[in-house]
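For reference, the structure discussed in these notes is given below.
Order of appearance sets the numbers: ligands from 1, and atoms from 1 within every ligand.
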Amino acid sequence: MRLTDEEQAMFDGNEGPALQRAMDLLMRYGNALGAERLVETNNVCASISATTPFMRDYAAKHGSMDAVFSEFSLDSADTVAIPKVRAFTSHLQLGFDPEQPQRMGLTEETVQFYRKGETFITGLGVQAMNTCTPYQVGNIPTRGEHCAWMESSAVIYCNSVLGARTNTEGRESVGAAMLTGRIPYWGYHIDANRRGTHHVELEIEVETTADWGMLGYHIGELVQERVPVVSGIVGKVPNLARLKHFGAAASSSGGVEMYHLVGITPEAPTLEKAFGGAMPVDVPVLRYGAAERSIIWEKLNATGRDRAVDYVMLGCPHYTIEQIWEAAKLLEGRRVHENCELWLFTPRAIKTLSDQNGYTRIIEAAGGHIFSDSCSAMSRATPKGTKVVALDSAKQAHYLPAILGVQAWFGSTAECIDAACTGRFNGRPA
Ligand code: F3S
(Lines give C-alpha, C1' and ligand atoms only; values in the text may rest on other atoms or scores of the structure.)
Protein backbone atom coordinates (compact mmCIF):
# COMPACT_ATOMS: atom_id res chain seq x y z
CA MET A 1 0.00 0.00 0.00
CA ARG A 2 1.10 3.55 -0.70
CA LEU A 3 1.41 5.69 2.40
CA THR A 4 1.36 9.47 2.75
CA ASP A 5 4.23 11.12 4.61
CA GLU A 6 2.05 11.44 7.70
CA GLU A 7 1.09 7.76 7.56
CA GLN A 8 4.70 6.74 7.00
CA ALA A 9 5.74 8.73 10.09
CA MET A 10 3.14 6.89 12.18
CA PHE A 11 4.27 3.57 10.70
CA ASP A 12 7.90 4.38 11.52
CA GLY A 13 7.01 4.97 15.16
CA ASN A 14 7.53 8.76 15.15
CA GLU A 15 4.14 9.21 16.81
CA GLY A 16 4.68 6.65 19.55
CA PRO A 17 4.36 2.89 19.91
CA ALA A 18 0.54 2.65 19.94
CA LEU A 19 0.22 4.43 16.59
CA GLN A 20 3.07 2.36 15.22
CA ARG A 21 1.20 -0.85 16.20
CA ALA A 22 -2.01 0.57 14.75
CA MET A 23 -0.37 1.39 11.41
CA ASP A 24 1.30 -2.00 11.30
CA LEU A 25 -2.11 -3.62 11.78
CA LEU A 26 -3.72 -1.45 9.09
CA MET A 27 -0.92 -2.29 6.66
CA ARG A 28 -1.34 -6.04 7.23
CA TYR A 29 -5.11 -5.74 6.96
CA GLY A 30 -5.05 -3.51 3.87
CA ASN A 31 -2.52 -5.69 2.08
CA ALA A 32 -4.60 -8.79 2.77
CA LEU A 33 -7.62 -7.03 1.25
CA GLY A 34 -5.72 -5.82 -1.78
CA ALA A 35 -6.25 -2.16 -0.86
CA GLU A 36 -3.85 0.26 -2.57
CA ARG A 37 -4.04 2.95 0.09
CA LEU A 38 -5.68 4.14 3.26
CA VAL A 39 -8.43 6.72 3.48
CA GLU A 40 -8.84 9.33 6.20
CA THR A 41 -11.73 8.80 8.57
CA ASN A 42 -13.06 10.92 11.36
CA ASN A 43 -15.95 8.63 12.23
CA VAL A 44 -15.44 5.32 13.99
CA CYS A 45 -17.96 3.03 15.73
CA ALA A 46 -16.24 0.54 17.93
CA SER A 47 -16.33 -1.91 20.74
CA ILE A 48 -13.26 -1.70 22.94
CA SER A 49 -14.67 -2.61 26.32
CA ALA A 50 -14.00 -5.81 28.21
CA THR A 51 -17.34 -6.98 29.51
CA THR A 52 -17.08 -10.64 28.57
CA PRO A 53 -15.76 -12.94 31.32
CA PHE A 54 -12.79 -13.86 29.12
CA MET A 55 -11.70 -10.25 28.69
CA ARG A 56 -12.36 -9.41 32.33
CA ASP A 57 -10.03 -12.24 33.29
CA TYR A 58 -7.44 -10.97 30.82
CA ALA A 59 -7.64 -7.45 32.26
CA ALA A 60 -7.32 -8.79 35.82
CA LYS A 61 -4.32 -10.91 34.88
CA HIS A 62 -2.50 -8.14 32.99
CA GLY A 63 -3.58 -5.36 35.27
CA SER A 64 -4.87 -2.70 32.88
CA MET A 65 -7.25 -1.78 30.10
CA ASP A 66 -4.20 -0.71 28.05
CA ALA A 67 -3.27 -4.40 28.03
CA VAL A 68 -6.76 -5.36 26.81
CA PHE A 69 -6.61 -2.72 24.05
CA SER A 70 -3.09 -3.73 23.00
CA GLU A 71 -3.99 -7.41 22.75
CA PHE A 72 -7.55 -7.30 21.39
CA SER A 73 -7.65 -4.04 19.46
CA LEU A 74 -4.08 -3.71 18.17
CA ASP A 75 -2.95 -7.33 17.96
CA SER A 76 0.19 -6.23 19.77
CA ALA A 77 2.37 -8.80 21.50
CA ASP A 78 3.36 -6.29 24.18
CA THR A 79 1.32 -3.79 26.15
CA VAL A 80 1.60 -0.19 24.97
CA ALA A 81 0.14 2.97 26.50
CA ILE A 82 -2.99 3.93 24.57
CA PRO A 83 -3.20 7.65 23.72
CA LYS A 84 -6.39 9.64 23.18
CA VAL A 85 -8.18 8.87 19.91
CA ARG A 86 -7.65 11.05 16.84
CA ALA A 87 -10.94 10.17 15.13
CA PHE A 88 -14.43 10.90 16.50
CA THR A 89 -15.42 7.53 17.92
CA SER A 90 -18.62 6.23 19.46
CA HIS A 91 -18.88 3.09 21.54
CA LEU A 92 -21.26 0.32 20.51
CA GLN A 93 -23.49 -1.80 22.74
CA LEU A 94 -22.06 -3.48 25.80
CA GLY A 95 -22.71 -6.66 27.72
CA PHE A 96 -25.38 -5.38 30.11
CA ASP A 97 -27.16 -2.44 31.70
CA PRO A 98 -25.18 -1.46 34.81
CA GLU A 99 -28.13 0.53 36.17
CA GLN A 100 -30.23 -2.62 36.67
CA PRO A 101 -27.77 -5.18 38.02
CA GLN A 102 -30.32 -7.39 39.81
CA ARG A 103 -32.57 -7.82 36.78
CA MET A 104 -29.54 -8.53 34.58
CA GLY A 105 -28.11 -10.95 37.12
CA LEU A 106 -24.89 -8.95 37.68
CA THR A 107 -22.58 -9.07 40.67
CA GLU A 108 -21.31 -5.88 42.27
CA GLU A 109 -17.81 -6.84 41.12
CA THR A 110 -18.99 -6.98 37.48
CA VAL A 111 -20.63 -3.57 37.77
CA GLN A 112 -17.45 -2.09 39.26
CA PHE A 113 -15.40 -3.53 36.43
CA TYR A 114 -17.88 -2.10 33.95
CA ARG A 115 -17.51 1.35 35.48
CA LYS A 116 -13.73 1.03 35.23
CA GLY A 117 -14.08 0.16 31.54
CA GLU A 118 -16.31 3.16 30.94
CA THR A 119 -13.77 5.44 32.62
CA PHE A 120 -11.10 4.03 30.31
CA ILE A 121 -13.28 4.53 27.23
CA THR A 122 -14.23 8.11 28.01
CA GLY A 123 -10.65 8.86 29.08
CA LEU A 124 -9.55 8.04 25.53
CA GLY A 125 -12.12 10.50 24.20
CA VAL A 126 -14.53 7.80 22.96
CA GLN A 127 -18.20 8.77 23.17
CA ALA A 128 -19.95 6.32 25.51
CA MET A 129 -23.12 6.06 23.42
CA ASN A 130 -23.27 2.33 24.18
CA THR A 131 -25.70 1.44 21.43
CA CYS A 132 -26.00 -0.49 18.19
CA THR A 133 -27.82 2.58 16.80
CA PRO A 134 -25.28 5.42 17.10
CA TYR A 135 -27.11 7.20 14.27
CA GLN A 136 -29.96 7.88 16.71
CA VAL A 137 -27.94 9.64 19.35
CA GLY A 138 -25.41 11.95 17.79
CA ASN A 139 -23.24 9.97 15.40
CA ILE A 140 -24.83 10.75 12.05
CA PRO A 141 -22.22 10.78 9.29
CA THR A 142 -23.00 12.75 6.16
CA ARG A 143 -23.35 11.44 2.65
CA GLY A 144 -20.02 10.35 1.22
CA GLU A 145 -18.23 10.52 4.59
CA HIS A 146 -15.67 7.74 5.06
CA CYS A 147 -16.29 5.81 8.27
CA ALA A 148 -15.01 2.74 10.06
CA TRP A 149 -17.96 1.07 11.78
CA MET A 150 -18.54 -2.28 13.43
CA GLU A 151 -22.04 -3.76 14.02
CA SER A 152 -23.84 -5.10 10.97
CA SER A 153 -27.17 -3.35 11.60
CA ALA A 154 -25.41 0.01 11.97
CA VAL A 155 -23.16 -0.53 8.94
CA ILE A 156 -26.07 -1.21 6.60
CA TYR A 157 -27.91 1.89 7.89
CA CYS A 158 -24.77 4.01 7.51
CA ASN A 159 -24.18 2.96 3.88
CA SER A 160 -27.73 2.75 2.65
CA VAL A 161 -29.82 5.34 4.46
CA LEU A 162 -27.17 7.94 5.25
CA GLY A 163 -25.08 7.40 2.12
CA ALA A 164 -21.89 7.42 4.20
CA ARG A 165 -19.22 4.81 3.46
CA THR A 166 -18.04 1.92 5.57
CA ASN A 167 -17.28 -1.76 5.46
CA THR A 168 -18.20 -4.02 8.37
CA GLU A 169 -15.07 -3.57 10.40
CA GLY A 170 -13.80 -5.66 13.30
CA ARG A 171 -12.54 -4.82 16.75
CA GLU A 172 -8.92 -4.67 15.57
CA SER A 173 -9.38 -2.45 12.53
CA VAL A 174 -11.54 0.06 14.41
CA GLY A 175 -9.03 0.11 17.26
CA ALA A 176 -6.35 1.09 14.75
CA ALA A 177 -8.69 3.51 12.94
CA MET A 178 -9.63 5.49 16.04
CA LEU A 179 -5.95 6.07 16.90
CA THR A 180 -4.70 6.92 13.41
CA GLY A 181 -7.79 8.32 11.66
CA ARG A 182 -7.21 5.87 8.79
CA ILE A 183 -8.85 2.75 7.36
CA PRO A 184 -8.09 0.75 4.19
CA TYR A 185 -9.73 2.17 1.08
CA TRP A 186 -11.63 -0.79 -0.34
CA GLY A 187 -15.14 -2.30 -0.52
CA TYR A 188 -17.93 0.18 0.12
CA HIS A 189 -15.56 3.16 0.20
CA ILE A 190 -15.36 2.81 -3.59
CA ASP A 191 -18.16 3.97 -5.93
CA ALA A 192 -18.16 0.89 -8.15
CA ASN A 193 -18.84 -1.46 -5.22
CA ARG A 194 -21.88 0.49 -4.07
CA ARG A 195 -23.90 -0.17 -7.19
CA GLY A 196 -26.87 -2.53 -7.12
CA THR A 197 -26.45 -6.14 -8.15
CA HIS A 198 -29.98 -7.57 -7.70
CA HIS A 199 -33.36 -6.07 -8.50
CA VAL A 200 -36.22 -6.85 -6.09
CA GLU A 201 -39.69 -5.74 -7.17
CA LEU A 202 -42.38 -5.43 -4.48
CA GLU A 203 -45.82 -6.74 -5.33
CA ILE A 204 -47.39 -5.91 -1.98
CA GLU A 205 -47.42 -2.93 0.32
CA VAL A 206 -44.83 -3.15 3.08
CA GLU A 207 -45.90 -1.10 6.06
CA THR A 208 -45.16 -1.95 9.69
CA THR A 209 -41.73 -2.49 11.24
CA ALA A 210 -42.52 -6.22 11.27
CA ASP A 211 -43.35 -6.05 7.53
CA TRP A 212 -40.05 -4.30 6.81
CA GLY A 213 -38.23 -6.84 8.97
CA MET A 214 -39.75 -9.72 6.99
CA LEU A 215 -38.83 -8.08 3.69
CA GLY A 216 -35.25 -7.55 4.87
CA TYR A 217 -35.01 -11.14 6.06
CA HIS A 218 -36.24 -12.42 2.71
CA ILE A 219 -33.87 -10.24 0.71
CA GLY A 220 -30.86 -11.13 2.86
CA GLU A 221 -31.51 -14.81 2.26
CA LEU A 222 -31.72 -14.22 -1.48
CA VAL A 223 -28.79 -11.92 -2.15
CA GLN A 224 -26.47 -12.84 0.74
CA GLU A 225 -23.61 -10.31 0.51
CA ARG A 226 -24.62 -8.45 -2.64
CA VAL A 227 -26.38 -5.11 -3.09
CA PRO A 228 -30.18 -5.34 -3.55
CA VAL A 229 -32.19 -2.60 -5.23
CA VAL A 230 -35.83 -2.55 -4.15
CA SER A 231 -38.47 -0.97 -6.38
CA GLY A 232 -42.27 -0.84 -6.30
CA ILE A 233 -42.50 0.76 -2.84
CA VAL A 234 -45.96 2.26 -2.42
CA GLY A 235 -47.73 3.79 0.56
CA LYS A 236 -45.88 5.51 3.37
CA VAL A 237 -42.20 6.30 3.05
CA PRO A 238 -40.50 4.03 5.64
CA ASN A 239 -39.30 5.90 8.72
CA LEU A 240 -36.09 5.42 10.70
CA ALA A 241 -37.49 2.49 12.71
CA ARG A 242 -38.70 0.58 9.63
CA LEU A 243 -35.35 1.00 7.85
CA LYS A 244 -33.53 0.02 11.03
CA HIS A 245 -35.51 -3.24 11.20
CA PHE A 246 -35.21 -3.86 7.45
CA GLY A 247 -31.42 -3.48 7.44
CA ALA A 248 -30.88 -5.44 10.64
CA ALA A 249 -32.86 -8.36 9.18
CA ALA A 250 -31.06 -8.29 5.80
CA SER A 251 -27.69 -8.30 7.51
CA SER A 252 -28.73 -11.24 9.72
CA SER A 253 -30.21 -13.67 7.19
CA GLY A 254 -27.52 -12.67 4.66
CA GLY A 255 -24.54 -10.39 4.98
CA VAL A 256 -26.04 -7.35 3.25
CA GLU A 257 -24.05 -4.19 3.99
CA MET A 258 -25.71 -1.89 1.48
CA TYR A 259 -29.06 -1.64 -0.29
CA HIS A 260 -30.99 0.85 -2.35
CA LEU A 261 -34.68 1.72 -2.13
CA VAL A 262 -35.63 3.42 -5.37
CA GLY A 263 -36.86 6.95 -4.80
CA ILE A 264 -35.99 6.81 -1.08
CA THR A 265 -32.34 6.14 -0.27
CA PRO A 266 -29.80 8.78 -1.37
CA GLU A 267 -27.93 6.84 -4.06
CA ALA A 268 -31.10 5.56 -5.75
CA PRO A 269 -33.06 8.49 -7.16
CA THR A 270 -34.00 6.15 -10.05
CA LEU A 271 -33.72 2.43 -10.73
CA GLU A 272 -31.02 3.04 -13.35
CA LYS A 273 -28.93 5.24 -11.03
CA ALA A 274 -29.11 2.58 -8.29
CA PHE A 275 -27.42 0.18 -10.70
CA GLY A 276 -24.89 2.80 -11.75
CA GLY A 277 -26.52 3.03 -15.18
CA ALA A 278 -25.86 -0.64 -16.00
CA MET A 279 -28.91 -2.78 -15.23
CA PRO A 280 -27.97 -6.44 -14.72
CA VAL A 281 -29.10 -8.47 -17.73
CA ASP A 282 -28.21 -11.93 -16.51
CA VAL A 283 -29.85 -11.77 -13.05
CA PRO A 284 -33.64 -12.35 -12.98
CA VAL A 285 -35.85 -9.81 -11.23
CA LEU A 286 -36.77 -11.13 -7.77
CA ARG A 287 -40.34 -10.62 -6.65
CA TYR A 288 -41.77 -10.17 -3.16
CA GLY A 289 -45.47 -10.81 -2.78
CA ALA A 290 -47.93 -12.30 -0.28
CA ALA A 291 -46.59 -15.85 -0.80
CA GLU A 292 -42.98 -14.84 -0.04
CA ARG A 293 -44.08 -12.85 3.02
CA SER A 294 -45.98 -15.78 4.45
CA ILE A 295 -43.00 -18.13 3.93
CA ILE A 296 -40.79 -15.69 5.86
CA TRP A 297 -43.35 -15.42 8.66
CA GLU A 298 -43.31 -19.23 8.97
CA LYS A 299 -39.50 -19.27 9.05
CA LEU A 300 -39.29 -16.60 11.74
CA ASN A 301 -41.87 -18.48 13.81
CA ALA A 302 -40.37 -21.91 13.19
CA THR A 303 -39.36 -22.41 16.83
CA GLY A 304 -42.69 -21.21 18.29
CA ARG A 305 -44.77 -24.09 19.66
CA ASP A 306 -46.30 -22.99 22.99
CA ARG A 307 -48.56 -19.98 22.72
CA ALA A 308 -48.02 -19.20 26.42
CA VAL A 309 -45.30 -16.52 26.40
CA ASP A 310 -43.14 -15.72 29.41
CA TYR A 311 -40.96 -12.95 27.98
CA VAL A 312 -41.54 -10.17 25.45
CA MET A 313 -38.43 -8.35 24.27
CA LEU A 314 -38.64 -5.16 22.21
CA GLY A 315 -35.79 -2.98 21.00
CA CYS A 316 -33.61 -4.83 18.51
CA PRO A 317 -31.99 -2.76 17.11
CA HIS A 318 -32.35 -0.36 20.02
CA TYR A 319 -35.76 1.31 20.02
CA THR A 320 -36.23 4.87 18.77
CA ILE A 321 -38.09 7.40 20.92
CA GLU A 322 -40.96 7.07 18.44
CA GLN A 323 -41.13 3.31 19.09
CA ILE A 324 -41.08 3.87 22.86
CA TRP A 325 -43.88 6.40 22.47
CA GLU A 326 -45.88 3.84 20.46
CA ALA A 327 -45.23 1.12 23.02
CA ALA A 328 -46.33 3.43 25.84
CA LYS A 329 -49.56 4.21 23.96
CA LEU A 330 -50.23 0.49 23.44
CA LEU A 331 -49.57 -0.21 27.13
CA GLU A 332 -51.31 2.71 28.79
CA GLY A 333 -53.99 1.52 31.19
CA ARG A 334 -53.00 -2.15 30.74
CA ARG A 335 -50.99 -4.57 32.86
CA VAL A 336 -48.28 -7.01 31.89
CA HIS A 337 -49.53 -10.53 32.65
CA GLU A 338 -48.32 -12.07 35.90
CA ASN A 339 -46.65 -14.95 34.04
CA CYS A 340 -44.84 -12.69 31.61
CA GLU A 341 -42.12 -10.01 31.60
CA LEU A 342 -41.77 -7.12 29.15
CA TRP A 343 -38.31 -5.63 28.56
CA LEU A 344 -37.49 -2.80 26.13
CA PHE A 345 -33.96 -1.83 25.04
CA THR A 346 -32.86 1.62 23.89
CA PRO A 347 -29.76 3.85 23.97
CA ARG A 348 -29.06 5.52 27.31
CA ALA A 349 -29.72 8.99 25.85
CA ILE A 350 -33.14 7.90 24.59
CA LYS A 351 -33.95 6.29 27.93
CA THR A 352 -33.35 9.75 29.47
CA LEU A 353 -35.72 11.25 26.91
CA SER A 354 -38.28 8.55 27.67
CA ASP A 355 -38.00 9.36 31.39
CA GLN A 356 -38.41 13.05 30.62
CA ASN A 357 -41.49 12.49 28.44
CA GLY A 358 -43.22 10.23 30.95
CA TYR A 359 -43.09 7.07 28.77
CA THR A 360 -40.89 5.19 31.23
CA ARG A 361 -43.47 5.87 33.95
CA ILE A 362 -46.31 4.52 31.76
CA ILE A 363 -44.33 1.43 30.79
CA GLU A 364 -43.26 0.74 34.36
CA ALA A 365 -46.77 1.34 35.68
CA ALA A 366 -47.89 -1.42 33.32
CA GLY A 367 -45.17 -3.70 34.70
CA GLY A 368 -42.62 -3.35 31.85
CA HIS A 369 -38.95 -2.31 32.15
CA ILE A 370 -36.67 -0.20 29.96
CA PHE A 371 -32.98 -1.06 29.74
CA SER A 372 -30.06 0.62 27.98
CA ASP A 373 -26.58 -0.29 26.74
CA SER A 374 -27.29 -3.91 25.78
CA CYS A 375 -29.99 -6.43 24.78
CA SER A 376 -30.90 -10.02 25.59
CA ALA A 377 -28.79 -11.43 22.75
CA MET A 378 -25.70 -9.50 23.87
CA SER A 379 -26.11 -9.96 27.59
CA ARG A 380 -27.59 -13.48 27.45
CA ALA A 381 -29.93 -12.00 30.07
CA THR A 382 -33.62 -12.86 30.11
CA PRO A 383 -36.11 -13.07 32.97
CA LYS A 384 -35.51 -16.15 35.10
CA GLY A 385 -36.99 -19.31 33.66
CA THR A 386 -37.70 -17.89 30.19
CA LYS A 387 -38.79 -20.57 27.74
CA VAL A 388 -40.98 -18.77 25.19
CA VAL A 389 -40.35 -15.23 23.90
CA ALA A 390 -42.25 -12.87 21.62
CA LEU A 391 -40.28 -10.41 19.49
CA ASP A 392 -41.00 -7.71 16.93
CA SER A 393 -37.49 -7.96 15.47
CA ALA A 394 -36.58 -10.42 12.72
CA LYS A 395 -32.93 -10.09 13.73
CA GLN A 396 -33.64 -11.07 17.32
CA ALA A 397 -35.95 -13.90 16.15
CA HIS A 398 -33.03 -15.15 14.06
CA TYR A 399 -30.52 -15.12 16.92
CA LEU A 400 -32.26 -15.58 20.27
CA PRO A 401 -33.51 -19.19 19.84
CA ALA A 402 -30.02 -20.20 18.67
CA ILE A 403 -28.22 -18.33 21.49
CA LEU A 404 -30.52 -19.19 24.40
CA GLY A 405 -32.39 -22.29 23.23
CA VAL A 406 -35.77 -20.61 23.72
CA GLN A 407 -38.86 -20.75 21.53
CA ALA A 408 -39.55 -17.49 19.69
CA TRP A 409 -42.66 -15.92 18.22
CA PHE A 410 -42.25 -13.07 15.77
CA GLY A 411 -45.01 -10.50 15.28
CA SER A 412 -45.88 -6.83 15.10
CA THR A 413 -45.22 -4.53 18.05
CA ALA A 414 -48.94 -4.50 18.84
CA GLU A 415 -49.06 -8.32 18.78
CA CYS A 416 -46.05 -8.51 21.08
CA ILE A 417 -47.53 -6.06 23.56
CA ASP A 418 -50.79 -8.02 23.47
CA ALA A 419 -48.77 -11.14 24.23
CA ALA A 420 -47.15 -9.37 27.19
CA CYS A 421 -50.54 -8.33 28.59
CA THR A 422 -52.40 -11.59 27.98
CA GLY A 423 -49.52 -14.03 28.45
CA ARG A 424 -50.36 -15.58 25.06
CA PHE A 425 -49.05 -14.91 21.59
CA ASN A 426 -52.05 -14.57 19.31
CA GLY A 427 -50.23 -13.09 16.31
CA ARG A 428 -51.59 -14.18 12.99
CA PRO A 429 -49.58 -15.45 10.03
CA ALA A 430 -48.65 -12.64 7.65
FE1 F3S B 1 -28.69 -4.19 18.96
FE2 F3S B 1 -28.76 -6.37 20.40
FE3 F3S B 1 -30.14 -6.22 18.23
S4 F3S B 1 -27.04 -5.03 20.20
S5 F3S B 1 -28.99 -4.94 16.88
S6 F3S B 1 -30.41 -4.96 20.05
S7 F3S B 1 -28.93 -7.98 18.82
Practice problem: Return the orientation label for the Tyr58 and Phe72 ring planes: parallel under 30°, perpendicular over 60°, tilted otherwise. | Solution: perpendicular
Ring pair (Phe, Tyr, Trp, His ring centres under 6.0 Å) pairs touching residues 155-174, sequence neighbours excluded, are Tyr135-Tyr157
If you scan protein heavy atoms around atom 7 (S) of ligand 1, the nearest is Gln396 NE2, 3.4 Å
Near atom 1 (Fe) of ligand 1 (protein N/O/S, cut-off 2.8 Å, waters excluded) we have Cys132 SG
| query | Going through the checks in order, is the side-chain hydrogen bond (donor to acceptor under 3.5 Å, both in side chains) test met by His218 and Tyr288? | reply | CA-CA 8 Å; His218 175 71; Tyr288 182 76; over 6 Å; no
Applying ring pair (Phe, Tyr, Trp, His ring centres under 6.0 Å) to Phe371 and not counting sequence neighbours gives Trp343, Phe345
With sequence neighbours left out, the residues meeting salt bridge (Lys or Arg N to Asp or Glu O under 4.0 Å) with Glu151 are Lys395
One should read off an interatomic distance between Glu332 CD and Ile363 CD1, to the nearest 0.5 angstrom, of 10.0 Å
